[in-house]
Number of protein chains: 2
Amino acid sequence: MAPPPPTPVVAPLIKLVVRVLTFICLLISLIILTTNTASVFINFDEFKLRFQDVKAYRYMLATIVIGIAYTLLQTAFTIYEATRESRIGGSSFLLFDFYGDKFISLLLATGTGAGFAVTVDLKDQFGNLTSSFDKFFNKGYAVSSMLLIAVLFTAVSSIFSSLSLPKRG
Amino acid sequence: MAPPPPTPVVAPLIKLVVRVLTFICLLISLIILTTNTASVFINFDEFKLRFQDVKAYRYMLATIVIGIAYTLLQTAFTIYEATRESRIGGSSFLLFDFYGDKFISLLLATGTGAGFAVTVDLKDQFGNLTSSFDKFFNKGYAVSSMLLIAVLFTAVSSIFSSLSLPKRG
């Protein structure tokens, strides 16, 4: 006989709110990052700085996109759980949540670290050249900050999924 | 009557090995980072580049030092657990491990992200100037790589401490 489904430790609605907040932060950081450009005129030639020119920003974009895909998937699962009062795949999927949340929170943490690091050191080098570059790097801070908030929300999800693990030992 | 102590889910010896490996990785990255300097002669003036001149490397140092302090503490706890077959403070300290490992793994992840990001983009800008700068940034990669391995070991510790959580729900 199958054991009865475990009582959820955290209410699905709270989980859902955290997932949606994570998604919103990631979406805002995606929009600011991909629309970030700066122009500078040198000898009447326009030189454009785009986010793709900074390799760390490209890496940040990759982590944000992976984070959004994972968060959308988990949001769908959590809506299902909240409405049906059971998890897709039952308790075996709890391990997927557990490892997934751990991995994604670490991945996003490397992304926000990369974003802040490259912004602070490149701004030191190039921020004083033109106000356009200065704005470009200020937007880099904005993206990194939104990503950092997303990391915190993902860490909360990760705590929830750890607490919801099937009993052992 | 106090409940009987829970059977450990992961053998203390395995936990200890992972902690020691984490410590070794962090120590190696600390040594490479703090001894990393580069010199370049411009018009007979020696210009020294030290790790302190790159702000992201200073941040990396901070995360490594916090990581070492935490790992030493946990190593001491794990040795106690392995020899006495019980955890200091009993199961109430399991929550400290749980949140501590989560926080430290995320912190070290931001550190390694910062290290790789600033190295790749500063090397693009300055690596071609002299072979001394090139070597400086190659050592930056070495530090970031050791820190990344430390992140993976801390993530394993974090998985162990999540699985060892007291039963709930």
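Per chain, numbering begins at 1; letters A, B, ... match sequence-line order.
- With a threshold of 4.5 angstrom between heavy atoms, A:S158 approaches chain B through its backbone and through its side chain.
- Tracing side-chain contacts under 4.5 Å through hydrophobic residues (I, L, V, M, F, W, Y), one never reaches B:I32 starting from B:Y141; they form parts of separate clusters.
- Contact annotation for B:S105: both backbone and side-chain heavy atoms come within less than 4.5 Å of a heavy atom of chain A.
- In this structure, CG in B:L106 is found 8.5 Å from CG in A:L152, a value given to the nearest 0.5 Å.
- Interface check for chain B: of the options A:T63, A:V54, A:V120, A:D53, the most heavy-atom pairs under 4.5 Å are formed by A:V54.
- When every heavy atom of B:A109 is checked against every heavy atom of A:A109, the shortest pair comes out as CB-CB, 3.7 Å.
- Put simply, the side chain of B:T112 reaches to within 4.5 Å of the side chain of A:T110, judged on heavy atoms.
- Residue contact with chain B, scored on non-hydrogen atoms closer than 4.5 Å, is absent for A:L108.
- Only the side chain of B:K102 comes within contact range of chain A, with at least one heavy atom under 4.5 Å from a heavy atom of that chain.
- Using a 4.5 Å cut-off between side-chain heavy atoms of Ile, Leu, Val, Met, Phe, Trp and Tyr, with links allowed through other members, B:F116 and A:F103 fall into different hydrophobic clusters.
- If you measure heavy-atom distances from A:F98 to chain B, the contacts under 4.5 Å come from the side chain alone.
- Looking only at side-chain heavy atoms (C-beta outward), A:I159 and B:Y99 come within less than 4.5 Å of each other.
- A donor-acceptor contact shorter than 3.5 Å is absent between the side chain of B:D121 and the backbone of A:V118.
- Linking Ile, Leu, Val, Met, Phe, Trp and Tyr whenever their side-chain heavy atoms come within less than 4.5 Å leaves B:L148 and B:I31 in two separate clusters.
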